[in-house]
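Atoms considered below: every heavy atom in the structure, side chains included; atoms not considered: hydrogens, waters and symmetry mates.
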Amino acid sequence: MADDPREAQSDSGDGSPSDVPHVDVQVRHVGAAQVRLPGDAEQVPTDRGLLEWVDPRDPARAANRTVRDSWRVLRIQSEFVSGFDALENVAEAVTVFGSARDQPGSPGYEQAVELGRLLGEAGFAVITGGGPGAMEATNKGAYEAGAPSIGLNIELPFEQHINPYLTLGMNFRYFFVRKTMFVKYAQAFVCLPGGFGTLDELSEALTLVQTGKVLRFPIVLVGREFWGPLVEWIKTTLAAEGKISRDDLDLVTLVDTPAEAVQAVCDKAVRP
């Protein structure tokens, strides 16, 4: 295994050496395939086609939707099958979420590198969204620790490239298929500071544990300064007004450092 997969790339594709991933903004993922489009062309994600509203009073459009949705079921099925086949040998793993906007060298990026490394050294595979920022950093830490480094990317209107620190990478069309893989093959969730995507995954994880869909699934938030106001709001508003039970407050573990996060995972995750 190369010390750094970026260094293993001797050519960027344009004849010049490169020590960083070469990302062509004209290349788009369409499911597992890559296509090259004009730079100003919009790539409509498959999820949008599934979720868009079609007026049932328009016979032509409604009939077309019925045919497309019927065939779409087979594509959804194939994504589940591909994901199950690719990940079937993943043993103990932790799914990590965080901002795609963390830049290399920033405190958030370096924190994620340390988290990935410590998880790998603790015997866990690491699963991320496979993109840049904190995802790339966490994969980098796991990769450098010699642990399985898994990235589950998603088709977006703007390109989210797959980062170069993966031992296994997949690209999905549908968010809900990808989310299933995040949960099915992990023993814990760790959330680094992030945006809407991280909040979405955090909320979904909390709901799955609260409703008993998954059992003994630790959810760890890294960064008291960042996550503390949210946890306080959950306590003083949701719990205080009876929207959740007091016991639900125990579903989240709030820590400050990657080392504390890994310790919380080791203490609470189900392991043989």
Side-chain angles (χ1 to χ4, degrees), residues 1-5 86-100 102 104-153 162-170 178-179 181-194 197-198 201-202 204-206 208-209 214-224 226-227 251-272:
M1 178 181 294
D3 291 337
D4 189 329
L87 299 170
E88 64 177 350
N89 292 321
V90 175
E92 297 167 90
V94 175
T95 295
V96 179
F97 296 103
S99 176
D102 286 339
S106 68
Y109 189 97
E110 296 307 319
Q111 181 185 55
V113 171
E114 182 182 1
L115 175 64
R117 177 179 60 80
L118 292 176
L119 286 170
E121 291 174 351
F124 290 99
V126 168
I127 303 173
T128 78
M135 294 175 282
E136 174 183 299
T138 307
N139 285 131
K140 178 181 179 181
Y143 182 92
E144 292 176 346
S149 179
I150 300 165
L152 308 179
N153 204 15
I162 294 178
N163 73 68
Y165 297 105
L166 306 180
T167 57
L168 171 63
M170 297 190 68
R178 180 184 184 232
K179 287 182 175 182
M181 306 303 158
F182 281 143
V183 177
K184 180 176 175 62
Y185 296 97
Q187 277 71 53
F189 269 179
V190 176
C191 291
L192 295 162
T198 303
E201 298 295 350
L202 170 59
E204 186 156 19
L206 287 169
L208 290 172
V209 179
V214 293
L215 303 176
R216 285 198 62 197
F217 196 92
I219 302 167
V220 183
L221 307 182
V222 184
R224 283 188 172 87
F226 184 88
W227 293 110
L251 298 180
V252 171
T253 301
L254 184 60
V255 302
D256 258 332
T257 68
E260 291 174 326
V262 174
Q263 187 61 56
V265 169
C266 291
D267 289 345
K268 298 182 178 183
V270 177
R271 304 182 78 178

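- Considering SG of C266 and CG of L118, their distance stands at 9.5 Å, rounded to 0.5 Å.
- Remark: L115 CG to T128 OG1 distance equals 11.0 Å, nearest 0.5 Å.
- Here the NZ-CD distance, from K140 to E110, works out to 6.5 Å after rounding to the nearest 0.5 Å.
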Full working for side-chain contact (heavy atoms from CB on, under 4.5 Å) between L206 and L208
CA-CA 6 Å; L206 287 169; L208 290 172; over 6 Å; no
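- Between S99 and T198, the shortest heavy-atom distance links the atoms N-OG1, 4.3 Å.
- Under a 3.5 Å cut-off, the side chain of S149 and the backbone N or O of Y165 do form a donor-acceptor pair.
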Full working for side-chain contact (heavy atoms from CB on, under 4.5 Å) between F124 and V265
CA-CA 10 Å; F124 290 99; V265 169; 3.7 Å; yes
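- In terms of heavy atoms, M170 sits closest to I162 at O-CD1, 4.3 Å.
- When all heavy atoms of D102 and A134 are compared, the pair lying nearest together is OD2-CB, 3.7 Å.
- Between V183 and F189, the closest side-chain pair of non-hydrogen atoms falls below 4.5 Å.
- Here the CZ atom belonging to R224 is positioned 8.5 Å from the OG1 atom belonging to T257, to the nearest 0.5 angstrom.
- Pairing each heavy atom of P218 with each of Q187, the nearest pair is CD-O, 3.3 Å.
- For the atom pair Q111 CD and T138 OG1, the distance stands at 9.0 Å (nearest 0.5 Å).
- Taking the six-membered ring for Trp and the full ring otherwise, the centers of F182 and F97 sit less than 6.0 Å from each other.
- Each of I150, T95, V90, L87 was checked for a side-chain contact (heavy atoms from CB on, under 4.5 Å) with M181, and the lone residue meeting it is L87.
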Check the pair L221 / V255 against side-chain contact (heavy atoms from CB on, under 4.5 Å), numbers first and verdict last.
CA-CA 6 Å; L221 307 182; V255 302; over 6 Å; no
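- Remark: I127 CD1 to N139 CG distance equals 10.0 Å, nearest 0.5 Å.
- The two atoms that bring R178 and L152 nearest to each other are NE-O, 2.6 Å, heavy atoms only.
- The backbone N or O of D256 sits less than 3.5 Å from a side-chain atom of E260, completing a donor-acceptor pair.
- In this structure, a donor-acceptor pair under 3.5 Å is present between the side chains of E136 and Y109.
- Formation of a donor-acceptor pair under 3.5 Å by the N163 side chain with backbone atoms of G131 is found in this model.
- Contact record, G223 with L254: O-CD1, 4.0 Å, taken as the closest heavy-atom pair.
- Ion pairing between E204 and K179 holds under the 4.0 Å rule for side-chain N and carboxylate O.
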